[in-house]
Chemist: 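Here you go, one structure.
Quick note: residue numbers are just sequence positions, from 1.
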Amino acid sequence: MFVTPSLIVSVSLETLEQIQTEYRSGKSAFERGRYRQSVEHLEKARDLVEKNTRLGGEVQIWLATAYQAMGQHQNAIALCRKLIRHPSLETSKQSRRLLEILEAPELNSNLEGLINIPDMSGIEDNERPIKILQKTRPSTSGSSSTPELFPEPIDLTQVNTQDNGFLGIALAAIIMILSGLFFFY
């Protein structure tokens, strides 16, 4: 026996098991992308379950989602509109959210602004091509340019490390400017 806020419903254990089986099968089929099978199982579960219970609401929300996935937009919208007045607060909230998504205007997109990503699903994971960003530099021999994977290391013996006095001049200039500011105040 199920107790809901608005009514008391009695269901046999055999019927409850059948509802649960159909409900789980419908969810599983949906998650695997088998939307027609999902709708069939969820419709069977919906026909067996008391629609105003929490379980009934869950079954119907999944059914609305399966309708949408199958392209039956009007059935999904009609079911969501009906579920907005469902006694279960959670079902009512979910149906409002789903209805907003279903009734949202469809976005138009042009192919110019999109990036075409090739379908690589037929390639095994270990066979996927690996691309490395490469720099090219002109060859010193005058033939073709060869890709450079790693830049040449810098020879530190060729770098001028002598003090050129810049730091001292900059410090002196800053001290003179600051002392001039204090002198005028």
Chemist: So, Thr91 side chain and Pro87 main chain: donor-acceptor pair closer than 3.5 Å or not?
Modeler: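 Side chain of Thr91 to backbone of Pro87: no pair is present.
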
Chemist: Hey, could you give me the OG/NZ distance between Ser88 and Lys93, rounded to the nearest 0.5 Å?
Modeler: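 Ser88 atom OG to Lys93 atom NZ measures 9.5 Å (nearest 0.5 Å).
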
Chemist: Does the side chain of Lys82 come within less than 4.5 Å of Leu79's, by heavy atoms?
Modeler: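 With C-beta onward as the side chain, the pair touches.
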
Chemist: Under 3.5 Å, is there a donor-acceptor pair between the Ser92 and Arg96 side chains?
Modeler: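 A donor-acceptor contact under 3.5 Å links the two side chains.
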
Chemist: Do you reckon Leu99 sits in the same ILVMFWY cluster as Val59, going by side-chain contacts under 4.5 Å, direct or chained?
Modeler: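 Not linked; separate clusters.
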
Chemist: Does Glu103 come within less than 4.0 Å of Arg81, counting only side-chain N to carboxylate O?
Modeler: yes

Chemist: If I compare all heavy atoms of Gln20 with all of Leu55, which pair ends up nearest, and what's the gap?
Modeler: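 Result for this residue pair: NE2-CD2, 3.9 Å.
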
Chemist: With a 6.0 Å cut-off (strictly less than), is the heavy-atom count around CD of Glu31, excluding the residue itself, greater than 12?
Modeler: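 Yes - once you tally the heavy atoms of other residues, nucleotides and ligands closer than 6.0 Å, there are more than 12.
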
Chemist: Looking only at non-hydrogen atoms, find the nearest pair between Lys51 and Arg46 and report the distance.
Modeler: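 For Lys51 versus Arg46, the nearest heavy atoms are NZ-O, 3.5 Å.
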
Chemist: Would you kindly confirm whether Ile84 and Leu89 end up in one hydrophobic cluster when ILVMFWY residues are joined by side chain heavy atoms under 4.5 Å apart?
Modeler: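 In one cluster with Ile84: Leu89, no.
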
Chemist: Are Trp62 and Ile77 connected, step by step, through hydrophobic side chains (Ile, Leu, Val, Met, Phe, Trp, Tyr) whose heavy atoms are closer than 4.5 Å?
Modeler: no

Chemist: Output the distance between atom CE (Met70) and atom OG1 (Thr65), rounded to the nearest 0.5 Å.
Modeler: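 So the CE of Met70 and the OG1 of Thr65 are separated by 14.0 Å.
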
Chemist: Looking just at side-chain N and O atoms, do Tyr67 and Gln74 make a donor-acceptor pair shorter than 3.5 Å?
Modeler: no

Chemist: Show the nearest heavy-atom pair for residues Ala45 and Ile19, with the distance to one decimal.
Modeler: CB-O, 4.0 Å

Chemist: State, with a plain yes or no, whether a side-chain heavy atom of Leu48 is found less than 4.5 Å away from one of Gln18.
Modeler: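 The answer is yes, as the side chains (C-beta and beyond) meet within the 4.5 Å cut-off.
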
Chemist: Using side-chain hydrogen bond (donor to acceptor under 3.5 Å, both in side chains), reason through Thr15 and Ser12 one step at a time and then give a plain yes or no.
Modeler: CA-CA 5 Å; Thr15 304; Ser12 72; 2.7 Å; yes

Chemist: Tell me the closest heavy-atom pair linking Leu63 and Val39, and the distance in Å.
Modeler: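 Looking at all heavy atoms of both residues, the closest pair is CD1-O, 4.0 Å.
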
Chemist: Let me confirm one number: the CZ-CG distance from Arg85 to Asn52, rounded to the nearest 0.5 Å.
Modeler: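 The CZ atom of Arg85 sits 11.5 Å away from the CG atom of Asn52.
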
Chemist: Taking C-beta and beyond as the side chain, do Leu102 and Gln68 meet within less than 4.5 Å on heavy atoms?
Modeler: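 Yes; the side chains approach each other to less than 4.5 Å.
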
Chemist: To the nearest 0.5 Å, what is the distance between NE2 (His86) and CD (Gln94)?
Modeler: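 Answer rounded to 0.5 Å: 10.5 Å.
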
Chemist: Looking at every non-hydrogen atom in both residues, tell me the closest pair between Ala29 and Gln37 and how far apart they are.
Modeler: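 Scanning both residues completely, I find the closest heavy atoms to be CB-CB, 4.0 Å.
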
Chemist: Please lay out, stage by stage, how Glu40 and Lys44 fare under the test salt bridge (Lys or Arg N to Asp or Glu O under 4.0 Å).
Modeler: CA-CA 6 Å; Glu40 290 171 5; Lys44 287 178 187 175; 5.9 Å; no

Chemist: Surrounding CZ of Arg32 (heavy atoms of other residues, nucleotides or ligands, distance under 6.0 Å), is the total greater than 12?
Modeler: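 Buried by this count: over 12 neighbours within 6.0 Å.
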
Chemist: Using modelled atom types and a 3.5 Å cut-off, is there a donor and acceptor pairing between side-chain atoms of Thr21 and backbone atoms of Glu17?
Modeler: yes

Chemist: Do we see a donor-acceptor contact under 3.5 Å between the side chains of Tyr35 and Gln72?
Modeler: no

Chemist: For the residue pair Ala64 and Leu98, what are the closest heavy atoms and their distance?
Modeler: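 That closest heavy-atom pairing would be CB-CD2, 3.9 Å.
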
